[in-house]
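Here the structure is laid out as structure tokens; the discussion comes afterwards.
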Amino acid sequence: MTSLFRAAVISAAFFVSCPGPALADDVTLRARSGAMEISGTLVSFDGETYRLDSRWGRLTLEASAVECEGPGCPELQSFAPELRLMADHATADHVLLPLLTAWAEQEGLTLTSTETRHSLSTPEGTPRLHLRRLEPAADVSAALAAGDADAALVLPPPDGGRAPGRPVARLPLVLASAPDAPQGVLGRRALREARSTGTGWKGLTGTDRPLVWHSAGRLADLAAIDRFGPTRFAPVTAGDSRALVEALKRDPWGLALLPAPLPEGLIERSLADSCGLIRDASPFALAAGEHPLAVTLLWQGSGRRLPAEARRFAEFATSRAALALSPAMAAPLTSQGTRLSNALLARNPDVSLADLQEAVTQLAAGRRLPLTIRYDRSGAPDAEGRAAIEALIALSDAGAFEGHSLLFAGFTPSAGKGPANRRASAAMAAAQRRLFEAGLPAGRPRPSTAEAGFGEALPIACDDGPDGQRLNRRVEIWLLPAP
């Protein structure tokens, strides 16, 4: 019936009449041709469609085809659609607000914000979009289906199942504490045990004090469970990000998983994998896909059609998931102290001092791009690896590597013997070099290229699980001075 009335109003071709109960009508929608009209109680208006309860049930009518009369009609001159988005306060501060700020700058709009409401308007003051932030429901999918919200920022399924939406951003999380908390590197395995058994700081640093976990919101709690397992004790909660930070500053036995960068007064705690390697939590590691505690946020919609301006913001938000790279983001080896110290901590008998010196000698004059090619279980480059090659080709075609050469540097996990791993890593690097060169447009300037294989040298993570092995099997792209 809804679709019939939409067609009727647009075309004014026919009119359906049937008896029904009387309603307290507050609007009359009249076809612009004047051939027909429908009265009812306005349920909603999103700038493109009216929804009203009428004697024929709930109808959806195209705003462009009708004129609205009555006390319930919206004020079209000052109207802007509202987008209801579920996101906790930490996600709102570190992801949603930066997205809205960037959107406002791109569109030339003015952004005004409160704790739960953001409004975008033109410089003349005409509103374009209102965004209302809602706290995430216990069952986000059910809340979206029920119409309680229009969209939500969520984590991917922990079991690796099908993602419920499109990527929005990678959010770097770090372990944080007050400066006077027990000091030392925190082991991932020891932290998992402390959370599950209640052994406290003694298992982490040797200090016989209880561990107090502070909750940074539902998203951070889910990420903590995924990385460190469930906790047997109830975390300390706070009303918002500022209250959480102040509570953690005052707690010498507190620990929290917070978005980076941390506010003043808190310190970031180093995290070590099971084999003792310290994980790099720098912005470069985030861009390279190597950050140990980064989470991918997804935009999960309700399945209902959003108003035009809300759709444009959603498209903007999800299009930014692909990080815009440039040679300016490249990092020299001297700034990658964590991987150099890890190379010594690894104590791999298949990697000699001469092997490490050879790797450092070849890489020291260059800078590493965040673009990194990794592999899926079949041994082929994974989706991000394929995207990295495509981005590398696009940057080269744009002249970004003028005055530089590119070194494709291959690395492997520690499984197998050293010489075989060095040969395998060199073969990986050569294959990606050929793939890059084959993708360059004909007749365009191209940088000189080379490849090298370093085997197990300079590991990113421990090799004791599939995640660590995936991180270590890689081809890095290094910018070197042109020969």
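Atoms considered below: every heavy atom in the structure, side chains included; atoms not considered: hydrogens, waters and symmetry mates. Just so it is clear, the structure is predicted and the values come from calculations on it, not from any experiment.
By the salt bridge (charged side-chain N to carboxylate O under 4.0 Å, His left out) test, E451 pairs with R433, sequence neighbours left out. Partners of E82 according to the side-chain hydrogen bond (donor to acceptor under 3.5 Å, both in side chains) rule, which considers only residues two or more places apart in sequence or in another chain, are R117, R132. Every residue two or more places apart in sequence or in another chain was checked for a side-chain hydrogen bond (donor to acceptor under 3.5 Å, both in side chains) with S396, and none qualifies. Every residue two or more places apart in sequence or in another chain was checked for a salt bridge (charged side-chain N to carboxylate O under 4.0 Å, His left out) with R218, and none qualifies. With sequence neighbours left out, R269 forms a salt bridge (charged side-chain N to carboxylate O under 4.0 Å, His left out) with no residue at all. Remark: S141 pairs with Q300 by the side-chain hydrogen bond (donor to acceptor under 3.5 Å, both in side chains) rule, at least two apart or across chains. Annotation: ring pair (Phe, Tyr, Trp, His ring centres under 6.0 Å) contacts of F45 (sequence neighbours excluded): Y50, F79. With sequence neighbours excluded, no residue forms a side-chain hydrogen bond (donor to acceptor under 3.5 Å, both in side chains) with Q469.
Residues Q432 and P381 are in side-chain contact: their nearest non-hydrogen atoms beyond the backbone lie under 4.5 Å apart.
Counting only residues at least two apart or on different chains, the side chain to side chain donor-acceptor pair (under 3.5 Å) pairs with a member in residues 179-188 are R188-D273. For residues 255-302, the pairs satisfying disulfide (SG to SG under 2.5 Å) are C275-C462, with sequence neighbours left out.
Heavy-atom neighbours of R279 CZ from other residues, nucleotides or ligands within 6.0 Å: above the threshold of 12. Counting heavy atoms of neighbouring residues, nucleotides and ligands inside a 6.0 Å radius, atom CD of E135 exceeds 12 of them.
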Could you check L262 against I267 for side-chain contact (heavy atoms from CB on, under 4.5 Å), going step by step and ending with a plain yes or no?
CA-CA 7 Å; L262 293 176; I267 61 171; 5.8 Å; no
Test side-chain contact (heavy atoms from CB on, under 4.5 Å) on L97 and S113; report intermediate values, then the result.
CA-CA 9 Å; L97 187 57; S113 298; 3.8 Å; yes
Could you please spell out the steps behind the side-chain contact (heavy atoms from CB on, under 4.5 Å) verdict for D148 and L134?
CA-CA 9 Å; D148 298 334; L134 307 173; 5.9 Å; no
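Taking a cutoff of 4.0 Å between a charged side-chain nitrogen and a carboxylate oxygen, E315 and R312 do not qualify as a salt bridge. The pair R368-E290 counts as a salt bridge, with a side-chain nitrogen and a carboxylate oxygen less than 4.0 angstrom apart.
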For a quick test of your reading: what N or O donor-acceptor pairs under 3.5 Å do the side chains of residues 240-248 make, sequence neighbours left out?
| unit_1 | atom_1 | unit_2 | atom_2 | d |
| --- | --- | --- | --- | --- |
| D240 | OD1 | R242 | N | 3.2 |
| D240 | OD1 | A243 | N | 2.8 |
| S241 | OG | H89 | ND1 | 2.9 |
| S241 | OG | D93 | OD2 | 2.8 |
| R242 | NH2 | E115 | OE1 | 3.3 |
| E246 | OE2 | K249 | NZ | 3.4 |

Taking only distance into account, with no hydrogens and no angle test, what donor-acceptor pairs under 3.5 Å do side-chain atoms of residues 422-431 form with protein atoms, sequence neighbours excluded?
| unit_1 | atom_1 | unit_2 | atom_2 | d |
| --- | --- | --- | --- | --- |
| R422 | NH1 | D355 | OD2 | 3.2 |
| S425 | OG | N421 | O | 3.1 |
| S425 | OG | R422 | O | 2.9 |
| S425 | OG | F454 | N | 3.2 |
| S425 | OG | G455 | N | 3.0 |

